[in-house]
Protein chains: 2
Amino acid sequence: MTAQRRALIETIQEATAHLDVASLLMQAREREPRINRATVYRTVELLKGLGMIDELDLMHLNGEKHYYEVKTQQDHLHLACFECGQIIEFATPAFERLKQEIAAINQFAIQVTRLEVGGLCSSCAAKKEKRLQQEPKPGPRG
Amino acid sequence: MTAQRRALIETIQEATAHLDVASLLMQAREREPRINRATVYRTVELLKGLGMIDELDLMHLNGEKHYYEVKTQQDHLHLACFECGQIIEFATPAFERLKQEIAAINQFAIQVTRLEVGGLCSSCAAKKEKRLQQEPKPGPRG
DNA sequence: CTCCAGTTGCGAATTAGTCGCAACTATGCA
DNA sequence: TGCATAGTTGCGACTAATTCGCAACTGGAG
């Protein structure tokens, strides 16, 4: 257990938002300045393998980077709004049941699951609805 | 509708495996040699927006690339075996119900969903089981 | 046949992630 | 308390995936 790993683990655990490698590096450097980008990649890979963190894509709303969060007892899924970029987390027993069904029917030993949903959050859907009512004819020419 | 787009759409529709951009480009070039890599990226982005294809990561088993497949009526999920790399597709009404629950509870207008599961397929899990029985002491030195 | 909005090819730029290797350090042990 | 060393790190160059600007091209409407 090195100072670098400690700093990275603490940073992920105490993070309030989903962190990509770049922000994880910046924030971890506030605790321990001697951290290199490569170490972040290696540590994140390690923690994934140990099942301590989960990797997310968040529907690639902001480029191709990956995000990391501590793995909790109950898996949750991520709803990403294509309009405002908001990320909503959501957990439900139905998801746990689905996982059990997947494992049972396919005889598959599940280690990680990643369920991401893209669409419009309620307020963005409402805004879009309103816009359509106001301009009923977007038509062939804008 | 250009020749390039036609070739790309046909290639995806008739594909038997999940295609990444590189293989999509190669296969589409057999129909229409004048296709550029950038066009593949742009077309894939277009088709995603139109809801004609889905984008997959397949748990990044083979690097960071993305895979594409035609969107079918019923969403299916992908099981990726970390050991042998096999991809299993699976659809179940439980997934459709889960999606409805997600949409209802969060008032979220779902446009795409991506459920990927990583773990061990039945045969790889069996092999691993066997290996553990034969070498009960992997111990500190391999 | 002409026109032009939209599409494409090209090649360079950007971004995310990986690698090899020498230097360093946490930890177990004398 | 110091030594040995397995494992970790920093560095910087590298690879792979993707994006971009712009000039040339083209499908299809008129």
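Convention: sequence-line order gives letters A, B, ...; per-chain numbering from 1.
- The distance between atom CG of Leu19(B) and atom P of dA17(D), rounded to the nearest whole Å, is 14 Å.
- Using a 4.5 Å cut-off between side-chain heavy atoms of Ile, Leu, Val, Met, Phe, Trp and Tyr, with links allowed through other members, Met59(B) and Leu98(A) fall into different hydrophobic clusters.
- The shortest heavy-atom contact between His60(B) and Lys65(B) is ND1-O, 4.3 Å.
- Gln4(B) places a side-chain N or O within 3.5 Å of a backbone atom of Arg34(B) that can act as its donor or acceptor partner.
- Under the 4.5 Å side-chain contact rule for hydrophobic residues, Val40(A) and Val70(A) share a cluster.
- Summarising the geometry, the separation between NZ on Lys65(B) and C1' on dT18(D) is reported as 13 Å, rounded to the nearest angstrom.
- Under 4.0 Å is where a charged nitrogen must lie from a carboxylate oxygen, and between Arg5(A) and Glu32(A) no such pair does.
- Val21(A) and Leu47(A) end up in the same hydrophobic cluster when Ile, Leu, Val, Met, Phe, Trp and Tyr side chains are linked at under 4.5 Å.
- Of the residues in residues 36-56 of chain A, those placing a heavy atom less than 4.0 Å from an atom of DNA chain C are Arg37(A), Ala38(A), Tyr41(A), Arg42(A), in numerical order.
- A salt bridge does not link Arg114(A) with Asp54(A): none of the charged nitrogens is closer than 4.0 Å to a carboxylate oxygen.
- Ile88(B) and Leu58(B) fall into different hydrophobic clusters, defined by Ile, Leu, Val, Met, Phe, Trp and Tyr side-chain heavy atoms under 4.5 Å apart, directly or through other members.
- The span of DNA chain C lying next to chain A, judged by atoms under 4.0 Å from heavy atoms, is bounded 5' to 3' by dA16(C) to dT27(C).
- Between the side chains of Thr39(A) and Asn36(A), no donor-acceptor pair of N or O atoms lies under 3.5 Å.
- In this structure, the side chains of Gln13(B) and Glu69(B) stay at 4.5 Å or more apart for every pair of heavy atoms.
- Checking each of Asn62(B), Ile53(B), Ile87(B) against Tyr67(B) for a side-chain contact (heavy atoms from CB on, under 4.5 Å) leaves exactly one that passes, namely Asn62(B).
- Judged purely by distance below 3.5 Å, without hydrogens or angles, the side chains of His78(B) and Glu116(B) never pair a donor atom with an acceptor atom.
- Judged purely by atom type and a 3.5 angstrom limit, Glu83(B) has no side-chain atom pairing as donor or acceptor with the backbone of Cys124(B).
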Nucleotide N/O of nucleotides 24-30 of chain D paired with protein N/O under 3.5 Å:
none

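- Between its two ends, the helix from dC1(C)-dG30(D) to dA30(C)-dT1(D) turns its axis by 30°, counting five pairs per end and rounding to 10 degrees.
- Phosphate contact (OP1/OP2 of dT18(D), side-chain N/O of His60(A), threshold under 4.0 Å): absent.
- dT8(D) atom P lies 15 Å from atom CD1 of Ile35(A), rounded to whole Å.
- Of the residues in residues 9-17 of chain B, none lies under 4.0 Å from DNA chain D by heavy-atom distance.
- Chaining together hydrophobic side chains whose heavy atoms lie under 4.5 Å apart leaves Met26(A) on its own.
- Between Asn62(A) and Gln4(A), it is Asn62(A) whose nearest contact on DNA chain C lies nearer the 5' terminus.
- Taking the charged nitrogens against the carboxylate oxygens, Glu45(A) and Arg42(A) have no contact shorter than 4.0 Å, which rules out a salt bridge.
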